[in-house]
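Notes follow the structure.
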Amino acid sequence: DKNRSRRSGRNGAMTMTFEKMQIDPYNERILKLCRRYAKRFGTMLADNRSLLFWGNVGTGKSCAAFAIANHLIKDGFTVQICTLSELLEQQYPADRAKPSGNEETAPPDLFIIDEINGVNAPENALYGVCSFIEERNRLRLPMIFITSLTLAEMQRTPDEVHHRLYSAILSTAYPLQFTGKNRHLADHSIKNADN
């Protein structure tokens with residue numbers, strides 16, 4: 001399905017649902033907000049409500065985004081998911097001299113960009129991503145951005161192109177902080193204890 005991520009094999013994340021997510025005191029409130037966003041996405045789409053999931057690695061940001069995506073796909077909305085590196089490759093392929101055009105005839109209702117961290121890429125590719133975000137905002141099509149950077153790190157980045165990228169995100173999306181322990185490490189410890 002073209003609406004599903006090419007990264008569908010990563011830890012089974014593309015089969016993630018809210019019912020499968022482990023709830024604890026750290027994520028209970030945030031997951032309620034994510035579930036409400038998914039259930040009311042028709043209104044979120046009409047209002048162009050984008051989200052920024054930020055917090056430490058392993059706190060459930062990507063899983064929550066995948067749960068939203070699967071809920072929306074089930075409800076008939078279109079969703080596209082990729083990492084920032086994948087989007088950069090689309091904007092400026094290594095084997096092409098110019099940024100690529102979008103081959104989709106219609107943009108997805110929700111676009112999710114994962115792993116928005118301090119990546120190294122050609123300036124024109126990063127500017128292409130900025131333009132992509134600004135164009136979706138102009139079209140009033142929401143996005144979800146996922147990063148392990150803090151808001152302060154995004155606000156004080158020294159170079160101009162990353163500043164424009166993070167400014168485009170921060171001016172577009174409502175930030176939701178994910179907290180708690182690194183669940184990846186916890187899962188690893190449990191598996192080791194079973195052996």
Side-chain angles (χ1 to χ4, degrees), residues 5 7 10 13 16 18 21 26-41 43-72 77-88 90-91 107-119 121 125-180 182-184:
S5 168
R7 301 163 60 233
R10 194 183 103 173
M16 181 56 65
F18 289 111
M21 293 194 71
Y26 295 106
N27 67 12
E28 185 175 10
R29 177 184 164 276
I30 209 90
L31 290 182
K32 281 183 181 176
L33 293 173
C34 291
R35 190 187 289 263
R36 186 182 307 160
Y37 183 88
K39 286 184 175 179
R40 301 180 181 175
F41 186 72
T43 301
M44 301 297 107
L45 179 58
D47 293 343
N48 187 28
R49 297 280 179 89
S50 294
L51 299 174
L52 168 62
F53 292 175
W54 69 280
N56 291 334
V57 172
T59 50
K61 303 179 299 293
S62 296
C63 285
F66 280 118
I68 289 172
N70 286 324
H71 185 102
L72 298 189
F77 292 103
T78 54
V79 182
Q80 188 171 341
I81 304 167
C82 66
T83 64
L84 179 58
S85 296
E86 289 168 342
L87 185 58
L88 285 165
Q90 291 172 25
Q91 292 294 324
D109 299 314
L110 179 68
F111 200 103
I112 299 173
I113 307 179
D114 200 354
E115 298 178 15
I116 297 177
N117 300 315
V119 298
L126 285 169
Y127 280 125
V129 173
C130 296
S131 298
F132 174 82
I133 293 169
E134 290 161 359
E135 176 65 7
R136 278 194 64 89
N137 196 38
R138 186 186 69 78
L139 294 171
R140 299 187 59 77
L141 291 170
M143 304 184 72
I144 293 178
F145 307 95
I146 306 167
T147 185
S148 56
L149 297 172
T150 66
L151 297 183
E153 286 171 333
M154 294 179 78
Q155 290 166 341
R156 68 169 181 252
T157 184
D159 64 284
E160 182 183 337
V161 64
H162 280 90
H163 176 74
R164 181 179 164 189
L165 173 63
Y166 298 148
S167 293
I169 293 169
L170 292 168
S171 65
T172 301
Y174 182 81
L176 293 176
Q177 183 182 12
F178 284 68
T179 60
N182 186 332
R183 290 176 177 83
H184 301 317

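Only a predicted model underlies this, so the values are computations on that prediction, with no experimental measurement involved.
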Looking only at heavy atoms, which two atoms of Leu31 and Phe18 are closest? And how far apart? O-CE2, 4.3 Å
What's the verdict on side-chain contact (heavy atoms from CB on, under 4.5 Å) for Leu110 and Phe77, showing C-alpha distance, side-chain angles and the deciding distance? CA-CA 8 Å; Leu110 179 68; Phe77 292 103; over 6 Å; no
For Gly55 and Lys61, which heavy atoms make the closest approach, and how far apart are they? O-NZ, 3.2 Å
Among residues at least two apart in sequence or on other chains, which ones pass side-chain hydrogen bond (donor to acceptor under 3.5 Å, both in side chains) with Arg156? none
So, do Ile116 and Leu52 sit near enough that their side-chain heavy atoms are less than 4.5 Å apart? no
Val161 side chain near Tyr127 side chain, heavy-atom distance below 4.5 Å: yes
Quick one: OH on Tyr166 to CG on Asp159, what's the gap to the nearest 0.5 Å? 8.0 Å
Which atom pair, heavy atoms only, marks the closest approach of Cys63 to Met16? O-CG, 3.4 Å
Does Thr147 reach the side chain of Glu153, with side-chain heavy atoms less than 4.5 Å apart? no
Please give me the minimum heavy-atom distance between Arg136 and Pro107, naming the atom from each residue. NH1-CB, 3.8 Å
Does any non-hydrogen side-chain atom of Tyr37 lie less than 4.5 Å from one of His71? no
Looking only at heavy atoms, what is the nearest atom pair of Leu141 and Leu45, with distance? CD2-CD1, 4.0 Å
Pairwise side-chain contact, Tyr174 with Arg49, heavy-atom cut-off 4.5 Å (strictly under): no
For Leu165, which residues count as a side chain to side chain contact (heavy atoms under 4.5 Å, CB included) partner, sequence neighbours excluded? Leu84, Leu126, Val129, Cys130, Ile133, Ile169
From His162 atom NE2 to Asn117 atom CG, the distance as rounded to the nearest 0.5 Å: 9.5 Å
What's the spacing between Gln80 CD and Leu87 CG if we round to 0.5 Å? 8.5 Å
On a heavy-atom basis, which atom in Asn56 and which in Thr59 lie closest, and how many Å separate them? O-OG1, 2.7 Å
Between the side chains of Asn48 and Asn137, is a donor N or O closer than 3.5 angstrom to an acceptor N or O? yes
Do Asp114 side-chain atoms and Ile81 backbone N/O form a donor-acceptor pair below 3.5 Å? no
Counting C-beta onward and ignoring hydrogens, is there a side-chain heavy-atom pair between Arg138 and Glu135 closer than 4.5 Å? yes
As a quick check of understanding, evaluate side-chain contact (heavy atoms from CB on, under 4.5 Å) for Phe53 and Ile68, giving each step before the final call. CA-CA 12 Å; Phe53 292 175; Ile68 289 172; 3.9 Å; yes
Rounded to the nearest 0.5 Å, how far apart are CE of Met21 and CD1 of Ile30? 10.5 Å
Report yes if some heavy atom in the side chain of Ser171 is under 4.5 Å from a heavy atom in the side chain of Glu134; otherwise report no. no
Calculate, to the nearest 0.5 Å, the distance between atoms SG and CZ belonging to Cys34 and Phe178 respectively. 4.0 Å
Restricting to side-chain hydrogen bond (donor to acceptor under 3.5 Å, both in side chains), what partner residues turn up for Thr172, sequence neighbours left out? none
Where the side chain of Ser50 meets the backbone of Ala173, is there a donor-acceptor pair that is under 3.5 Å apart? no
Rounded to the nearest 0.5 Å, what separation is found between the CG atom of Leu51 and the CE atom of Met143? 11.5 Å
